[in-house]
Amino acid sequence: MDFSDQVTIVTGGTGSLGREIVTGLIERGSRVLFCYRQRDETAQELVDLLGNDDRLVAVKADVRDQEAMNAMVEEALRRWERLDTLITAHSTVSNAPIVDMTLEQWNEVLDVMLRGVTRVCRAALRPMQKARYGRIVNVVGYQPLAGALMQANYAAALGGVIGFSKALAREVAAWGITINCVAPGLISRPQMASFDPSYIPWATNIVPLKRLGTPAEVVPAVLMLAERESGYMTGQTITVDGGWRMV
Amino acid sequence: MHIDLSGRAALVTGASRGIGRAIALALGASGAAVAVNYRGSEAAANEVVAQITQAGGKAIAIQGDVSAAATHEALIKATTAAFGRLDILINNAGITRDNLLLRMKADEIDDVLNTNLRGVMLLTKAALRPMMKNKWGRIVSMSSIIGLTGNAGQANYAATKAGLLGFTKSVALEMASRNITANAICPGFIETDMTAAALTADLRAKALERVPLGRLGTPEDIANAVVFLASDAAAYITGQTLAVDGGWTMY
């Protein structure tokens with residue numbers, strides 16, 4: 001997988017998966033601009049770790065702000081005069097049973113997870129259409145495919161992203177732009193340290209491969225869809241879940 | 001896709017032509033030793049072998065009809081005898097015997113089932129032991145978008161291709177604890193001898209109307225996805241179906 005000469009934008013670059021995606025892209029030669037919302041220190045650490053030759057830029061920008069997304073794309077174009085790939089990997093959850101879920105919880109998750117994807121795609125599409133080439137990969141989750149307790153907002157938002165991706169795949173196919181999703185299953189994340197101690201044994205046991213996935217194991221599927229050679233897949237969702245759901 | 005499969009040995013059925021040929025070449029280019037299975041096209045299979053070996057890779061041609069009763073163990077044994085192991089099985093061989101169901105003869109059903117489904121089951125079964133010995137295995141089976149959408153005139157073919165998806169998921173479950181994954185690929189309309197023969201200019205134009213990306217796929221489009229699923233990069237992907245169809249189905 002060779003991304004040299006290419007320019008990629010990644011949203012949620014400071015998340016556990018976003019970091020791995022950014023790292024994978026830099027290792028394979030891409031120039032990368034990633035955005036993040038809160039974690040200045042994590043962003044700086046990542047840039048310090050990887051970005052030694054002006055190939056990596058962090059931008060503090062909120063996917064809830066269309067102007068910020070437009071400006072982010074402009075920044076990538078100003079620096080490198082092209083945009084080949086967009087990967088959305090930002091994430092926020094606000095869990096509650098549906099009956100207790102507040103309107104704010106619904107709105108926040110939908111605004112970030114669904115509207116956020118649509119905003120950054122809108123911003124990125126114009127240069128891709130102009131170049132008659134583009135790759136968009138949206139990281140979703142197992143929730144819209146399999147359902148998840150306490151995460152009706154998250155499942156609805158990401159189900160929306162899958163539908164949006166298919167519709168967009170049809171709209172922009174004529175410009176040589178493909179849009180696909182990757183749906184990770186149960187992936188080990190730092191937050192799991194705070195979960196109930198029974199969670200990891202339970203999760204390990206229900207996955208046929210008998211282990212949680214790692215963020216690094218999700219990255220190859222993302223990069224496979226992002227590479228130039230995978231030009232005949234569009235509107236698809238690849239599930240990386242150790243055989244948990246097989247959906 | 002630059003994936004390193006060196007040290008791995010693969011068996012690709014129906015590898016002398018079309019999609020199977022592209023898969024064999026791509027696996028070979030990634031460093032895997034490749035057993036190129038063919039049924040009738042010996043010269044074409046030898047050419048695939050020559051291409052791989054001339055590029056510095058390892059390959060052999062193995063004759064065998066996957067619909068035949070005694071072929072399956074023999075194909076696996078020939079592969080392990082040549083390379084000392086078997087890590088990757090690509091169930092690619094497939095046939096069509098198109099007819100409307102009203103007119104379809106029992107033979108037309110049996111032939112397609114025997115090659116596309118029964119052959120895959122028995123060959124996969126035979127491949128499991130060497131893979132278990134390695135504690136590593138990759139099974140990738142060629143289904144079709146016809147298995148997802150159905151197609152008038154292909155009731156037999158559609159049944160086998162849909163059947164493969166259920167088979168793949170079951171194998172994924174049975175073999176997960178052995179570090180063997182099983183996945184399926186659903187190609188859309190791909191430029192091959194099979195589609196060239198079947199598609200008149202008119203049918204071709206009609207088919208293309210349904211493909212958002214506006215072109216038929218190439219065998220290389222499919223090979224790219226196969227190599228990915230056959231590699232360590234796909235270690236946490238099992239029981240899945242990947243449609244490589246230019247946006248035709250989007251299921």
Side-chain angles (χ1 to χ4, degrees), chain A residues 1-3 24 28 162-163 165-187 207-225 227-247, chain B residues 1-3 26 165-166 168-191 210-225 227-229 231-251:
Chain A
M1 286 181 277
D2 183 16
F3 290 89
R28 288 166 181 80
I162 293 173
S165 300
K166 292 182 184 191
L168 191 60
R170 289 192 189 279
E171 273 193 33
V172 299
W175 284 272
I177 302 168
T178 67
I179 295 109
N180 293 283
C181 298
V182 171
L186 300 172
I187 305 298
V207 176
L209 285 178
K210 297 294 173 210
R211 60 184 181 84
L212 298 177
T214 64
E217 284 180 307
V218 179
V219 176
V222 173
L223 297 188
M224 195 270 275
L225 292 169
E227 70 175 345
R228 186 171 285 275
E229 287 80 358
S230 65
Y232 209 57
M233 284 189 75
T234 194
Q236 294 295 318
T237 300
I238 296 185
T239 298
V240 184
D241 73 349
W244 181 32
R245 298 294 192 181
M246 303 205 196
V247 283
Chain B
M1 180 155 231
H2 306 283
I3 275 181
L165 304 181
T168 295
K169 292 178 187 189
S170 301
V171 173
L173 285 172
E174 287 189 23
M175 302 314 291
S177 63
R178 310 291 187 144
N179 201 27
I180 298 169
T181 67
N183 294 286
I185 291 181
C186 290
F189 259 114
I190 308 297
E191 303 266 12
R210 300 166 76 171
V211 182
L213 285 173
R215 65 173 175 92
L216 267 66
T218 63
E220 290 70 28
D221 286 323
I222 306 302
N224 193 45
V227 170
F228 168 69
L229 289 174
S231 72
D232 278 321
Y236 206 58
I237 300 178
T238 193
Q240 291 297 315
T241 303
L242 239 61
V244 183
D245 66 357
W248 181 316
T249 56
M250 301 203 194
Y251 291 172

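Lettering of chains follows the sequences in order, A, B, ..., and the numbering in each one begins at 1.
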>> Between B/Ile190 and A/Tyr232, is there a side-chain heavy-atom distance shorter than 4.5 Å?
In response: yes
>> Are there over 12 heavy-atom neighbours, none belonging to B/Arg178, within less than 6.0 Å of that residue's CZ?
In response: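 Count not over threshold, so no.
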>> Surrounding CZ of A/Phe3 (heavy atoms of other residues, nucleotides or ligands, distance under 6.0 Å), is the total greater than 12?
In response: yes
Restricting to non-hydrogen atoms, name the atom on [X] and the atom on [Y] that form the minimum distance, rounded to 0.1 Å.
| X | Y | value |
| --- | --- | --- |
| A/Ala221 | B/Ile237 | CB-CD1, 4.3 Å |
| A/Ile177 | B/Leu213 | O-CD2, 4.3 Å |
| A/Met246 | B/Ala172 | CE-CB, 3.6 Å |

>> Considering only residues two or more places apart or on different chains, which pairs with a residue in residues 165-181 of chain A satisfy salt bridge (charged side-chain N to carboxylate O under 4.0 Å, His left out)?
In response: none
> Do you know which of B/Pro212, B/Gly214, B/Ser177 has the most heavy-atom pairs under 4.5 Å to chain A?
Replying inline: B/Pro212
>> Restricting to salt bridge (charged side-chain N to carboxylate O under 4.0 Å, His left out), what partner residues turn up for B/Asp221, sequence neighbours left out?
In response: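 Salt bridge (charged side-chain N to carboxylate O under 4.0 Å, His left out) list for B/Asp221, sorted by chain: B/Arg215.
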>> Could you work out, with salt bridge (charged side-chain N to carboxylate O under 4.0 Å, His left out) as the rule, every residue matching B/Glu220, not counting sequence neighbours?
In response: none
> Using a cut-off of under 4.5 Å for heavy-atom pairs, which of A/Lys210, A/Arg245, A/Glu217 has the most such pairs with chain B?
Replying inline: A/Glu217
>> Let's test your reading of the structure: which of A/Gly176, A/Ser165, A/Pro208, A/Ala169 forms the most heavy-atom pairs below 4.5 Å with chain B?
In response: A/Pro208
With rounding to the nearest 0.5 Å, note down the distance linking [atom1] in [X] to [atom2] in [Y].
| X | Y | atom1 | atom2 | result |
| --- | --- | --- | --- | --- |
| B/Phe228 | A/Glu229 | CZ | CD | 13.5 Å |
| A/Met224 | B/Ile3 | CE | CD1 | 8.5 Å |
| A/Gln236 | B/Thr241 | CD | OG1 | 9.5 Å |
| B/Ile185 | A/Met233 | CD1 | CE | 8.0 Å |

> Looking at A/Val207, A/Thr214, A/Val218, which one forms a side chain to side chain contact (heavy atoms under 4.5 Å, CB included) with B/Tyr236?
Replying inline: A/Val207
>> For A/Ile187, which atoms come within 4.5 Å of any heavy atom of chain B: side chain, backbone, both, or neither?
In response: side chain
> Tell me, side chain or backbone of A/Ala174 under 4.5 Å from chain B's heavy atoms, or both, or neither?
Replying inline: backbone
> Which residues, numbered in order, of residues 242-251 of chain B come under 4.5 angstrom of chain A by heavy-atom distance?
Replying inline: B/Leu242, B/Ala243, B/Val244, B/Asp245, B/Gly246, B/Gly247, B/Trp248, B/Thr249, B/Met250, B/Tyr251
